[in-house]
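Please read the structure below before turning to the comments.
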Protein chains: 2
Amino acid sequence: MNGRARRGSRGDDGGSWIAPSSADQHRLVSRYRAGDRKIEAGRDLFSIGSSGGAIFNLLDGWVALYTLLEDGRRQIVQFALPGAVLGILPSKRAQATFGAQALTDVVVSVIPAAVLASFSRDEPEITMRLARSLARDCSMAYDRMTSIGRRSARERVAHLLLELFTRYRAQWPGTRIEEMALPLTQEQIGDATGLTFVHVNRVLSAMRKQGVVEFHYRRLRILDPDRLIEVAGVDPQMALSWLEGRSPG
Amino acid sequence: MNGRARRGSRGDDGGSWIAPSSADQHRLVSRYRAGDRKIEAGRDLFSIGSSGGAIFNLLDGWVALYTLLEDGRRQIVQFALPGAVLGILPSKRAQATFGAQALTDVVVSVIPAAVLASFSRDEPEITMRLARSLARDCSMAYDRMTSIGRRSARERVAHLLLELFTRYRAQWPGTRIEEMALPLTQEQIGDATGLTFVHVNRVLSAMRKQGVVEFHYRRLRILDPDRLIEVAGVDPQMALSWLEGRSPG
DNA sequence: CGCGGCCTTGAGCAACATCAACAATAGTGG
DNA sequence: CCACTATTGTTGATGTTGCTCAAGGCCGCG
C-alpha cells in the first residue's frame, strides 16, 4: 500500500525544452498534416473512460500514459516520446483504461479511427507497422513490470533514468551528450516506479552523493554512465547496444 | 529487492484439467491445422533471446510469459489462455525479451512469420485482429503493472485470482461455477504479483480464514465473490461486467 | 516408504511508507 | 527588480509491510 498521498496540482506549467526540429520524421502517415493539434503541458490527450474515436501520432513533446485506482493512487505505465502511436483500443467502442497526459507542450497528428481503417485496407503495411509498434509497447511494458515487481527502489530509479536517457538520445543519433531536459517531477518518477516521491528523493540524493547521476528540477545529468548501468542492473552488453542505437547482438 | 530465491524445479507435472473441447474456436487462421504442436507442461514454447521466426496461436492449455533478471529473479508478465497469440516481435530479427512456459500440457498452432506476412497481404483483416490482440495485451499489462506498483500484497493476489477466474470463466459462457483448476504454484503467483511465495502463502491463508477464497494445491474456490471483488479493489460495476462477459457499460 | 517438490509457520529485520515540517525554485504580477 | 505564491524538493522521526532465514509438514509419485 503506497503512493496514496497526492500533492496539489493544477496542471499548468509550460515547456518548450524539446528542440522542435523536423517533426515529420515521426509521422505514421505522411500525407495530410491537417489533423495536427497542439496540446499544452498538463492537459490530457485523452482520459480514462474515453471511447476512442481517434488515434494520436505523437510528433513532438513528452506524454505520460497513466492509470488510476479509485482512491487516487496513480501508476504511470509508459512515457511516450515523439514517434509513438497512442490511443489504440482493443476493440471498437471499448473504453480506454488509461489516460494520456502531456508532460510538455505537445504536437500530435490526430487520425480518426475510420480513416485508419481505410488506410489499413489500402496499405496493409500501415497496419503491420501499427502492430509492430504495439508489440514494442508490450515489450516495454513487460520490462517495466519486471522492474517494478522485482527490482529494488534504487535499481528501479536507475533503470528508468537510463531508459529515458537512451530513448531520448536515440532521437539524435550520433550525439554524445550526457545531459538532458527530463520533464518530470520526482512524484512522476515515483508514479512510474511504484514508489513514493519521498523515497524517490532519497534514492536520487544517494545517487547524486555517489556521483552516479544528478537530477534536479527537470534536468538530468549522467555523471558516471557505467556506474548507472551497473546500478540499473542491466546487462552491459545490452546497455551498450542501447547507447549506440543498434539492435542487441 | 525481493524474490531472489528460486526453488528447485524441473518442470514435469501433468495437467489435463482443461476440458479439451473444440479448440478450433480459438484459431486465428482457420485453415491448415497441420502446424499444430503439443508441448508438455513445464517446457518453454520459446525462450528469452530466441529470434522469432514463428508465431504461436494458443489453442489449449495455460502458458506463462516471463522475464528474468541476471541473478535469477523472475517476473511473470502475463498468463495466456486459449485464443492468445504469442511471440510477436517488435521487429524482424529482434530477440525475444521474454520467454513462454507451458503451465499445463499445451496445444499451439505454429504460424511461421513468412506465412503470416503473406496472410496479412491477402487479408488485412488478420493483421487488424492481431493489432487488436496486441492492444488488449498492452492494456492487460498496464493493468497488472498498476497492481504491482500501487496495490498492497492482499489486493494484488485478490486481483490476480479474480482476473484469472473471470478470464477462465469467459471461455464457458453461461456457466455458474465458482471453482476451477488453476494450474499455478504459490511461487508462480508470487512471480506474477511481485511477491515472495512465503508472503503469498500468508496472504492466501488469511483470505481463507476470512472466507474469501480458498486456493489449495492448484484448485481455486471462490467462497465470497463480492468480498473478493472488494478486496481486489475493483470497481464493482466493472467486475460485474467481467463476470457476465459483456463490455463495461 | 523414501524422495522431491510444494506448502506452512515463526522470528527477526530491511526496505520503504507515512507524517510532518521546512527550504528551494520558478512563475506571477506589481 | 522585488514580493508573493504555488509547486516541487529535502530531511527527520517513526511505523508497517513484506522479505529473509529456517525448520518442519504435506502430498504425489516412483
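Everything numeric in this text was worked out from a predicted model, so none of it was measured.
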Original post:
Considering heavy-atom distances to DNA chain D, does A:F215 or B:V200 have its closest nucleotide positioned more toward the 5' end?
Top reply: A:F215

**OP:** For the residue pair B:F46 and B:F56, categorise the inter-ring angle as parallel (less than 30°), tilted (30 to 60°) or perpendicular (more than 60°).
**Re:**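 Because their plane-to-plane angle is under 30°, the rings of B:F46 and B:F56 count as parallel.
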
Does [X] put a side-chain nitrogen or oxygen below 4.0 Å from OP1 or OP2 of [N]?
X	N	answer
A:T185	D:dT8	no
A:Q186	D:dT10	yes
B:R218	C:dC6	yes
A:Q188	D:dT8	no
A:N201	D:dG9	no

Spacing of [X] atom [atom1] relative to [N] atom [atom2], expressed in whole Å:
X	N	atom1	atom2	answer
B:H199	C:dT9	NE2	C1'	14 Å
B:L182	C:dC6	CG	P	15 Å
B:R150	D:dT17	CZ	C1'	15 Å
B:R202	C:dC7	CZ	C1'	12 Å
A:E187	D:dG9	CD	P	9 Å
A:D191	D:dG9	CG	P	12 Å
B:I148	D:dC19	CD1	P	12 Å
B:Y217	C:dC7	OH	C1'	5 Å

Subject >> Closest to the A:L195 side chain, choosing from C:dA20, C:dC7, C:dC16 >> reply: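 Output: C:dC16.
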
**OP:** Just compare C:dT9, D:dT10, C:dA24 and give me whichever is closest to any side-chain atom of A:F197.
**Re:** D:dT10

Original post:
Which ones in residues 203-213 of chain B lie close to DNA chain C, meaning a heavy atom under 4.0 Å from one of its atoms?
Top reply: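 Heavy-atom cutoff 4.0 Å gives B:S205, B:R208.
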
Less than 4.0 Å between a side-chain N and a carboxylate O, is that true for [Y] and [X]?
X	Y	value
B:E178	B:R221	no
A:R74	A:E187	no
A:R150	B:D191	yes
A:R73	B:E155	yes

Original post:
Quick one: the side chain of A:R219 and the base of C:dT25, do they pair up donor-acceptor inside 3.5 Å?
Top reply: no

Are the side chain of [X] and the backbone of [Y] linked by a donor-acceptor contact shorter than 3.5 Å?
X	Y	value
A:D105	A:A41	yes
B:Q101	B:V63	no
A:R202	A:F197	no

Original post:
Base, sugar-phosphate, or nothing: which does A:G190 touch, judged by heavy atoms less than 4.0 Å apart?
Top reply: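 Touches nothing.
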
**OP:** Between B:H216 and A:H216, name the one whose nearest nucleotide on DNA chain C is closer to the 5' end.
**Re:** B:H216

